[in-house]
Asker: 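Here it is: the structure, laid out below.
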Amino acid sequence: MHNKNDRINLSIYDITNEGLGVAKLEGKVFFVKNALPGDEVSAIITKVNKNLIYAKAETIIKYSEFRTVPPCDIHNSCGGCELLALDYKKQLEIKKQIVLNNLKNIGSLELEGKYEKIIGMDNPYKFRNKLQVPYGVRNDEIIYGFYARRTHYIIPFINCPVCFDGSGVILDAIKNVLDEFSISIYNEETKLGIFREVFLRSSNDNKQVSITYIVNDEKVNEDKIKYYKKFDEAVRDNISKKECIYKIVTSTLNINTEDNNVLMGKTNILLYGMGYIEDSIGSVNFRISPQSFYQVNMLMTKELYTKVLEYGNFDGSETVLDLFCGIGTISLYIASKVKKVVGVEIVDSAIENAKENAQINNISNAEFITGDVNEDLLISLSEKIDSHKFDCIVVDPPRKGLSVSSIDTILKINPKKIIYVSCDSATLSRDLKIILEKNPNFNISKLSNVDMFPHTMHIETVVLLSKGEVDSKKIRVEFSLEDMDM
């Protein structure tokens, strides 16, 4: 009989999708925090269910052969990089196996022969270009850091090994100026205080940074804006006196007075600069505002989009539909290789960003429309797009995957190819099963993984679905409203 707070020795043989070590003892399965495959640990039980017991490793009795010395003293308490102490090649093996297991167990798909490879980073550090950092007070001192997993307890840090170089300098400068200006720090329990969080975005290409100060301030008038501009000027001056290879090019004040877990409020006030940073993927340049969706690892984003191009195998005659296009990154990256690309996104501001990004790159064969991926989209395409022929559909949905109505819409458009980009192999597996059941003419030709998030359990998957004759000849399919069951 095992009880909470009991101490127990366990041998770890596997790892869960959430990064918990797995052990078995006396017919029970244990999920163990801070334990890696191959470890033998002394653990303390934290929760007991009927057939599953949760524990936390207190001492490592025998180290796994795959353990490394992590370049971070707080990785266990922070929890943001649950695999940081695991050999990177072993991380990639585990991620590949999790994807294949999900495809088999959820999607009923045996794809070992069609799996190409997993693409990892040569140097899996300093890649993260986006940071959300809360500020707080502890022992009467201002602190900043990351929330411990599943809590709002701040774990302070100085230099995060996966965040862009100089991020610590910027965050520390903000802390110093907060002290100087005596700005109160927001308290989640009392709901009192002004300064909540900082949101940083950086560009890998030209070392630009945008700062967004998130404040709980209902009384922002012209005098307050002048005050916040002076605050921001002091921050930038403080940073300029330190060694930082990145340059602050724009600063924004975001007003968030809501009592919820949403990072940003609806009101943004420009304090400095143009309101965006600039970055590039390959030869395509992008302007990125604070609230635009943009991948967090630009080095591997290029690898991901190159894989999309490879799977598309475009010869310049194709018309491509890019669903969940965001600010148009995939659309614009593939535009030079196709006849036309149409991007669709439900967020209107993202579509405006996509149109602007097309304009600054002089890309004329990319068109963007606001819309949800449902049957209304078919009407929008009919009314707004000159050509109704789509040889290929690219989908890059959020973590929850595709809805059944989205899948039905995609299948009614009836492309020759579907390229599915997924950040969650569980929802991907579910969706692939539905697609293949609804239209058996499709088959999975290829799939591969790109490691956008080293030292975590997250992995991007790219899948090519094609029809049997796609390799022998190209057939263009046209749809019309009369052909649809609407």
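In what follows, residues are counted from 1 in the order of the sequence shown. For clarity, every value in this text was computed on a predicted model and none was experimentally measured.
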Asker: Checking Glu82 against His455 for the side chain to side chain donor-acceptor pair (under 3.5 Å) test, could you report, in this order, the C-alpha distance in whole Å, the side-chain angles of both residues, the deciding distance, and whether it holds?
Answerer: CA-CA 6 Å; Glu82 62 267 27; His455 315 301; over 6 Å; no
Asker: Quick one about Thr306 and Tyr333 (side-chain donor to acceptor, distance below 3.5 Å, no hydrogens or angles considered), yes or no?
Answerer: yes
Asker: Between Val29 and Val22, is there a side-chain heavy-atom distance shorter than 4.5 Å?
Answerer: yes
Asker: For the backbone of Thr456 and the side chain of Lys95, can you confirm whether one donor and one acceptor N or O come within less than 3.5 Å of each other?
Answerer: yes
Asker: Would you check, one step at a time, whether the test side-chain contact (heavy atoms from CB on, under 4.5 Å) holds for Lys307 with Glu116?
Answerer: CA-CA 11 Å; Lys307 183 58 66 174; Glu116 292 191 318; 3.4 Å; yes
Asker: Which heavy-atom pair separates Pro134 from Gly145 by the least distance, and what is that distance?
Answerer: CD-O, 2.9 Å
Asker: Phe390 and Val320: side-chain contact (heavy atoms from CB on, under 4.5 Å), yes or no, with the steps?
Answerer: CA-CA 5 Å; Phe390 293 100; Val320 178; 5.9 Å; no
Asker: For the residue pair Ser108 and Lys433, what are the closest heavy atoms and their distance?
Answerer: OG-NZ, 3.7 Å
Asker: Taking all non-hydrogen atoms of both residues, which atom of Phe442 and which atom of Lys416 are closest, and how far apart?
Answerer: CE2-O, 3.9 Å
Asker: Checking Asp279 against Ser203: is there a side-chain donor and acceptor pair closer than 3.5 Å?
Answerer: no
Asker: Considering only NZ, NE, NH1 and NH2 on the basic side and carboxylate oxygens on the acidic side, decide whether Glu367 and Lys355 come within less than 4.0 Å.
Answerer: no
Asker: Is a donor on one side and an acceptor on the other found under 3.5 Å between the side chain of Asn49 and the backbone of Asn51?
Answerer: no
Asker: Output the distance between atom CG (Asp424) and atom OG1 (Thr461), rounded to the nearest 0.5 Å.
Answerer: 9.0 Å
Asker: Determine whether the side chains of Asp391 and Thr319 contain a donor N or O and an acceptor N or O closer than 3.5 Å.
Answerer: no
Asker: Show your reasoning for whether side-chain contact (heavy atoms from CB on, under 4.5 Å) applies to Ile277 and Tyr246.
Answerer: CA-CA 12 Å; Ile277 60 173; Tyr246 283 81; over 6 Å; no
Asker: Look up atom CD1 in Ile393 and atom CG in Leu465, then write down how far apart they are to the nearest 0.5 Å.
Answerer: 11.0 Å
Asker: Pairing donors with acceptors under 3.5 angstrom, does anything connect the side chains of Ser466 and Ser445?
Answerer: yes
Asker: Are more than 12 heavy atoms, taken from residues, nucleotides or ligands other than Lys207, located less than 6.0 Å from that residue's NZ atom?
Answerer: yes
Asker: Does any donor atom in the side chain of Ser292 or Ser289 lie under 3.5 Å from an acceptor atom in the other side chain?
Answerer: yes
Asker: Side chains of Tyr305 and Thr329: any donor to acceptor distance under 3.5 Å?
Answerer: yes
Asker: Is the shortest distance from a Lys or Arg side-chain nitrogen in Glu93 or Lys96 to a carboxylate oxygen in the other one below 4.0 Å?
Answerer: no
Asker: What is the distance from atom OG of Ser422 to atom CG of Asp396, rounded to the nearest 0.5 Å?
Answerer: 8.5 Å
Asker: Are Ile214 and Val198 close enough that some pair of their side-chain heavy atoms sits under 4.5 Å apart?
Answerer: no
Asker: Test the Lys130-Tyr294 pair against the cation-pi criterion, namely NZ or CZ under 6.0 angstrom from the six-membered ring centroid and within 45° of the ring axis.
Answerer: no
Asker: Evaluate the ring planes of Tyr144 and Tyr135, with Trp represented by its six-membered ring, and classify them as parallel (under 30°), tilted (30 to 60°) or perpendicular (over 60°).
Answerer: tilted
Asker: Side chains of Leu84 and Tyr125, heavy atoms from C-beta outward: is any pair under 4.5 Å?
Answerer: yes
Asker: Using the ring of each side chain (for Trp, its six-membered ring), is Phe453 parallel, tilted or perpendicular to His458, with breaks at 30° and 60°?
Answerer: perpendicular
Asker: Please give me the minimum heavy-atom distance between Ile351 and Cys325, naming the atom from each residue.
Answerer: CD1-SG, 4.0 Å
Asker: Tell me whether Arg201 contacts the main-chain N or O of Pro290 through its side chain, where contact means a donor paired with an acceptor under 3.5 Å.
Answerer: yes
Asker: How many angstroms lie between atom CD1 of Ile98 and atom CD1 of Ile15, to the nearest 0.5 angstrom?
Answerer: 7.0 Å
Asker: Would you please indicate yes or no on a ring centroid separation below 6.0 angstrom for Tyr147 and Tyr153?
Answerer: no
Asker: Evaluate whether atom CG of Leu270 has more than 12 neighbouring non-hydrogen atoms of other residues, nucleotides or ligands under 6.0 angstrom away.
Answerer: yes
Asker: Identify the residue among Asp372, Ile410, Leu323, Ile346 that makes a side chain to side chain contact (heavy atoms under 4.5 Å, CB included) with Leu377.
Answerer: Leu323
Asker: Would you find a donor on one side and an acceptor on the other, under 3.5 Å apart, between the side chain of Asn254 and the backbone of Thr212?
Answerer: no
Asker: Would you mind checking if Lys126 and Asp165 are paired as a salt bridge, meaning a charged N to carboxylate O distance below 4.0 Å?
Answerer: yes
Asker: For a side-chain contact (heavy atoms from CB on, under 4.5 Å) check, start with the C-alpha distance between Leu464 and Leu447, then their side-chain angles and the critical distance, and finish with the verdict.
Answerer: CA-CA 6 Å; Leu464 171 63; Leu447 77 152; over 6 Å; no
Asker: Hey, what do you get for NZ (Lys104) to OG (Ser429), rounding to the nearest 0.5 Å?
Answerer: 13.0 Å
Asker: State, to 0.1 Å, how close Met274 and Thr250 come at their nearest heavy-atom pair, and which atoms those are.
Answerer: N-OG1, 3.7 Å
Asker: With sequence neighbours excluded, what pairs up with Glu188 under the salt bridge (charged side-chain N to carboxylate O under 4.0 Å, His left out) test?
Answerer: none
Asker: Do the side chains of Lys247 and Gln208 get nearer than 4.5 Å, heavy atoms only?
Answerer: no
Asker: Would you say Lys446 and Lys114 make side-chain contact, with heavy atoms under 4.5 Å?
Answerer: no
Asker: Between atom CZ of Phe164 and atom CG of Asn129, what is the distance when rounded to the nearest 0.5 Å?
Answerer: 8.5 Å
Asker: Specify the closest pair of heavy atoms between Cys78 and Ile155, including all atoms of both residues, with the distance to one decimal.
Answerer: CA-CG1, 4.1 Å
Asker: Is Arg128 reaching over with its side chain to a backbone N or O of Val296, donor-acceptor style, under 3.5 angstrom?
Answerer: no
Asker: State plainly whether the residues Arg67 and Asp39 are in salt-bridge range, i.e. N to O under 4.0 Å.
Answerer: yes
Asker: Ignoring hydrogens and angles, state whether a donor on the side chain of Thr68 or Asp87 is under 3.5 Å from an acceptor on the partner side chain.
Answerer: no
Asker: Is there side-chain contact between Met300 and Asn297, with heavy atoms separated by less than 4.5 Å?
Answerer: yes
Asker: Could you tell me whether a side-chain N or O of Asn256 sits under 3.5 Å from a main-chain N or O of Val262, the two making a donor and an acceptor?
Answerer: yes
Asker: Do Tyr311 and Ser448 make a side-chain contact, defined as non-hydrogen atoms from C-beta onward lying under 4.5 Å apart?
Answerer: yes
Asker: Verify the distance criterion only: is there a donor paired with an acceptor across the side chains of Ser405 and Asp408 at less than 3.5 Å?
Answerer: no
Asker: Can you tell if the side chain of Met457 reaches within under 4.5 Å of the side chain of Ile94, non-hydrogen atoms only?
Answerer: yes
Asker: Apply the test side chain to side chain donor-acceptor pair (under 3.5 Å) to residues Tyr276 and Asn353: give CA-CA distance (whole Å), side-chain angles for both, the deciding distance (0.1 Å), then the verdict.
Answerer: CA-CA 10 Å; Tyr276 58 81; Asn353 285 157; over 6 Å; no
Asker: Please say whether more than 12 non-hydrogen atoms of neighbouring residues, nucleotides or ligands are located less than 6.0 Å from CG in Asp122.
Answerer: no
Asker: Strictly below 4.0 Å, N to O, side chains only: are Lys337 and Glu318 in salt-bridge contact?
Answerer: no
Asker: For Tyr420 and Asp431, test the side chains for any donor-to-acceptor distance below 3.5 angstrom and give the result as yes or no.
Answerer: yes
Asker: With no hydrogens and no angle check, just 3.5 Å: does a side-chain donor-acceptor pair link Lys467 and Asn414?
Answerer: yes
Asker: Under 3.5 Å, side chain of Asn105 to main-chain N/O of Asn101, donor-acceptor pair present?
Answerer: yes
